[in-house]
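Proteins come first, then strands; the chains are lettered A, B, ... in the order of their sequence lines, and each starts at number 1.
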Amino acid sequence: MTILVIAEHDNKELKSGTLHTVTAAQKIGGDIHVLVAGNNCGAVAEAAAKLAGVSVVKVAEGAALEHGLAENIAPLVVKLAAGYSHVLAPATTYGKNLLPRVAALLDVMQISEISAVEAADTFVRPIYAGNVLATVKSNDPIKVITVRTTAFDAVGPGGSADIEKVDGGADAGLSRFDGAELTVSDRPELASARIVVSGGRALGSAEQFQAVIEPLADKLGAAVGASRAAVDAGYAPNDYQVGQTGKVVAPQLYVAVGISGAIQHLAGMKDSKVIVAINKDEEAPIFQVADYGLVGDLFSVVPELIQALGD
Amino acid sequence: MKVIVAVKRVVDFNVKVRPKTDGSDVELANAKMSMNPFDEIAVEEAVRLKEAGKVTEIVAVSMGVKACEETLRTALAMGADRAVHVETDAVLEPLAVAKLLKAVAEKEQPQLLILGKQAIDDDANQVGQMTAALLGWAQGTFASKVGLSSENVQVMREVDGGLETVTLNLPAVVTTDLRLNEPRFVKLPNIMAAKKKPLDKLTTADLGVDVTPRLTLVNVAEPAKRQAGVKVANVAELVAKLKSEAKVL
């Protein structure tokens with residue numbers, strides 16, 4: 001068995017989701033190859049080659065691959081896939097966009113967002129917003145899988161894989177990348193942060209969200225998240241959303257501020273190691289999953305907390 | 001320009017789903033069913049494009065049991081012009097749905113297919129991308145803004161780092177994210193009018209698609225329950241517990 005892991009990167013750095021996906025590949029067992037498809041992405045290939053357990057890194061470069069357009073990368077993966085038993089990608093927006101296109105072209109049924117490996121053909125995946133775990137067995141010749149990154153540890157260094165060049169193929173001529181507005185922040189990445197501070201609708205405005213949540217996050221060295229209600233109301237950008245349809249996080253410490261705890265939000269954070277909830281409604285469902293609940297007005301509790309952490 | 005919107009009948013988002021006692025599948029008997037919320041956003045977007053004069057006809061498509069007719073009637077009440085129901089009692093996996101949608105698209109020849117980015121039952125997030133692949137069309141997934149012209153469609157996408165914009169040649173597939181729009185409430189006269197709109201029936205055999213599942217459901221189970229912890233009286237107690245008990249600070 002040889003497994004192909006599709007690396008996620010920005011042509012400069014390997015994204016952390018790839019490290020968790022390699023661990024999932026190790027659980028399946030077999031030789032692990034990594035595909036780095038991009039442009040001028042040699043540094044990414046070198047980083048991938050150092051991951052423990054990776055034996056070969058395949059690098060495909062070309063202008064058509066620079067921005068991760070699925071229309072151009074999927075045919076490349078399909079061409080390579082014949083030699084593999086499994087094709088894996090992180091269940092990030094990158095992997096979710098790309099991999100079903102690969103699966104359909106291979107005529108196989110993708111297994112989305114696995115949270116555990118039972119056997120080389122059998123996997124566990126959350127359905128119904130994480131209220132149910134389904135164990136599914138694939139009868140397809142090639143298993144095409146996206147991996148819930150929080151369910152697997154990041155693989156460490158220690159590898160020295162061979163780096164091989166492969167032909168990147170032509171531009172499919174279907175789509176064009178126009179640009180991106182990426183959130184610039186010195187804070188840790190939300191999906192992999194050790195501590196996450198999230199704000200909900202109770203913050204009341206974008207200004208108050210910034211004035212209350214961000215100083216606490218800075219004090220804790222935490223990433224900032226938000227509930228869907230806060231994002232829908234425009235208090236926080238879309239990429240902050242934690243939940244079933246946003247990001248799934250599992251930090252060491254998750255601080256939910258003014259978040260009631262709708263099922264779809266819990267689906268995105270209930271695997272956190274320690275959960276703290278601050279909410280003025282003592283009946284809020286968030287308290288049912290919180291290790292430590294503090295009933296109170298967030299506008300006075302959070303500044304107090306920042307002060308208490310100060311020394 | 002003709003647009004297809006694909007809609008799925010799913011368990012209503014307010015229903016808390018549990019496994020059956022034998023773990024063979026989830027318990028759905030008597031559960032309230034609704035249109036997948038992301039597909040509602042897709043219908044709304046198509047209707048807005050029609051209201052803006054950019055789209056001339058909206059065809060709503062659904063696959064599945066007879067009751068999917070209700071979901072299609074909702075789409076018609078929201079503003080779709082006609083409906084196509086591929087009726088089957090078979091369990092349909094995303095790959096099978098994509099093949100059926102491809103076949104319908106080949107009959108209907110739309111310039112745009114809009115559908116939700118994922119269904120809230122199986123959370124698979126596959127059908128849009130798979131259909132685009134099978135048709136050889138471009139895909140704009142997780143859309144938060146759609147700008148349609150006669151030659152192409154510009155899609156602003158919600159991605160992990162923020163937002164990204166792509167331009168797709170037509171025909172294309174667009175899958176909707178939460179912030180694309182807020183679907184309208186359907187008014188009673190529109191529900192009545194929807195009953196008179198055409199709803200055509202097809203079978204998987206008509207479309208020549210083999211829908212045999214590729215995955216076997218081994219079992220379903222409830223995830224480990226998280227126990228509620230303690231309430232702390234004040235900030236000082238919280239910080240003390242986080243430091244000495246939880247040891248996360």
Side-chain angles (χ1 to χ4, degrees), chain A residues 70-71 74 92-93 96-97 100-101 103-105 108-112 122 126-140 174-183 228 232 237-239 244-245 252-253 263 270 274 276 287-295 301 304-305 308-309, chain B residues 11 16-19 26 93-95 98 118 120-126 129-130 132-134 137-139 141-142 144 154 158-169 178-179 214-223 226 228-232 234-236 238-239 241-242 246 248-249:
Chain A
E71 294 85 349
T92 54
T93 50
K96 289 174 175 177
N97 182 53
R101 197 166 177 111
L105 293 172
V108 307
M109 188 35 220
Q110 174 179 301
I111 306 149
S112 292
T122 307
I127 54 174
Y128 293 96
N131 283 310
V132 178
L133 295 176
T135 302
V136 294
K137 182 172 182 288
S138 168
N139 305 307
D140 281 318
L174 296 173
S175 56
R176 184 182 78 218
F177 174 84
D178 295 332
E181 300 164 37
L182 302 180
T183 306
R228 176 182 164 184
D232 283 353
N238 66 274
D239 51 304
Q244 176 192 12
T245 58
Q252 293 292 303
L253 174 61
I263 289 175
K270 67 184 165 57
V274 175
V276 169
F287 288 121
Q288 290 165 20
V289 299
D291 299 283
Y292 303 109
L294 180 49
V295 179
V301 168
E304 252 186 83
L305 180 56
L309 293 166
Chain B
V11 173
K16 183 154 166 34
V17 175
R18 290 198 172 77
V26 290
E93 289 176 343
L95 181 63
Q118 76 191 67
I120 61 164
D121 49 5
D122 63 6
D123 287 329
N125 197 330
Q126 297 177 10
Q129 297 89 314
M130 285 183 157
L134 297 175
W137 293 3
Q139 65 186 51
T141 52
F142 327 142
S144 69
Q154 191 173 56
E158 295 199 5
V159 295
D160 286 334
L163 294 164
E164 172 184 303
T165 305
V166 291
T167 297
L168 315 175
N169 294 353
L178 292 169
R179 259 69 62 175
R214 308 295 187 82
L215 303 181
T216 309
L217 183 61
V218 178
N219 69 59
V220 298
E222 256 186 274
R226 210 183 164 98
V230 295
K231 292 255 170 71
V232 292
N234 52 45
V235 166
L238 175 63
V239 173
K241 288 212 186 273
L242 289 176
V248 286
L249 290 183

When you compare the side chain of A:Gln110 with that of B:Leu95, does any pair of heavy atoms fall below 4.5 Å? no
What residue in A:Leu253, A:Val301, A:Thr245 has the most heavy-atom pairs under 4.5 Å with chain B? A:Thr245
Check: B:Arg214 and A:Ser138 side chains under 4.5 Å, non-hydrogen atoms: no
Relative to chain B, which of A:Ala180, A:Gly179, A:Pro126 shows the most heavy atom pairs under 4.5 Å? A:Gly179
Pairs of heavy atoms under 4.5 Å with chain A: top-ranked of B:Leu178, B:Leu238, B:Leu249: B:Leu178
Residue selection (most heavy-atom pairs with chain A, distance under 4.5 Å) from B:Gly161, B:Pro94, B:Gly229: B:Gly161
In terms of heavy-atom pairs under 4.5 Å with chain B, the winner among A:Leu182, A:Leu133, A:Asp232 is A:Leu133
Given B:Asp123, B:Thr141, B:Val220, B:Asp122, the one with more heavy-atom pairs under 4.5 angstrom with chain A than any other is B:Asp123
Whatever's closer than 4.5 Å to a heavy atom in chain A on B:Val248 counts as both
Show the nearest heavy-atom pair for residues A:Met109 and B:Glu93, with the distance to one decimal. CG-OE1, 3.2 Å
Taking side chain as everything from C-beta outward and backbone as N, CA, C, O, which of these in B:Ala124 sits under 4.5 Å from a heavy atom of chain A? Side chain, backbone, both or neither. both
For B:Ala98, is it the side chain, the backbone, both, or neither that has a heavy atom closer than 4.5 Å to a heavy atom of chain A? neither
Based on non-hydrogen pairs under 4.5 Å, which of B:Val159, B:Val239, B:Asn234 is most in contact with chain A? B:Val159
Which bit of B:Val26 comes within less than 4.5 Å of chain A, counting heavy atoms only: side chain, backbone, both or neither? side chain
Is the backbone of B:Gly162 close enough, under 3.5 Å, to the side chain of A:Glu181 for a donor and an acceptor to pair up by distance? no
Among B:Ala228, B:Pro223, B:Ser144, which has the most heavy-atom pairs under 4.5 Å with chain A? B:Pro223
Whether the B:Asn125 and A:Ser112 side chains hold a donor-acceptor pair (N or O, under 3.5 Å, no angle test) is what I'd like checked. no
Which region of A:Ala134, side chain (C-beta onward) or backbone (N, CA, C, O), has a non-hydrogen atom less than 4.5 Å from a non-hydrogen atom of chain B, or is it both or neither? both
At a heavy-atom distance under 4.5 Å, which candidate from B:Val218, B:Val166, B:Thr167, B:Val235 has the highest pair count against chain A? B:Thr167
Give the minimum heavy-atom separation between B:Gln126 and A:Pro100, together with the two atoms involved. O-CB, 3.7 Å
So B:Asp121 and A:Tyr128, do their side chains get closer than 4.5 Å, heavy atoms only? yes
Using non-hydrogen atoms and a 4.5 Å limit, figure out which bit of B:Gln118 sits close to chain A: side chain, backbone, both or neither. side chain
Atom pair CG (A:Leu174) and CD (B:Gln139), whose distance is rounded to the nearest 0.5 Å: 9.5 Å
How close do A:Tyr292 and B:Lys241 get, counting heavy atoms only, and between which atoms? CE2-CD, 3.4 Å
Greatest number of non-hydrogen atom pairs under 4.5 angstrom with chain B, of A:Asn238, A:Leu294, A:Val108, falls to A:Asn238
B:Leu168, part contacting chain A, at a heavy-atom distance under 4.5 Å: both
Contact origin within A:Glu304 toward chain B - heavy atom pairs under 4.5 Å: both
Search all heavy atoms of A:Phe177 against all heavy atoms of B:Glu164 and return the closest pair with its distance. CE1-CG, 3.5 Å
Contact winner vs chain B - A:Ile111, A:Ile263, A:Ile127, heavy-atom pairs under 4.5 Å: A:Ile127
Could you pull out the closest heavy-atom pair between B:Lys16 and A:Asn131, with the gap in Å? NZ-OD1, 3.2 Å
Do you know the tightest heavy-atom contact between A:Glu71 and B:Trp137? CG-O, 4.4 Å
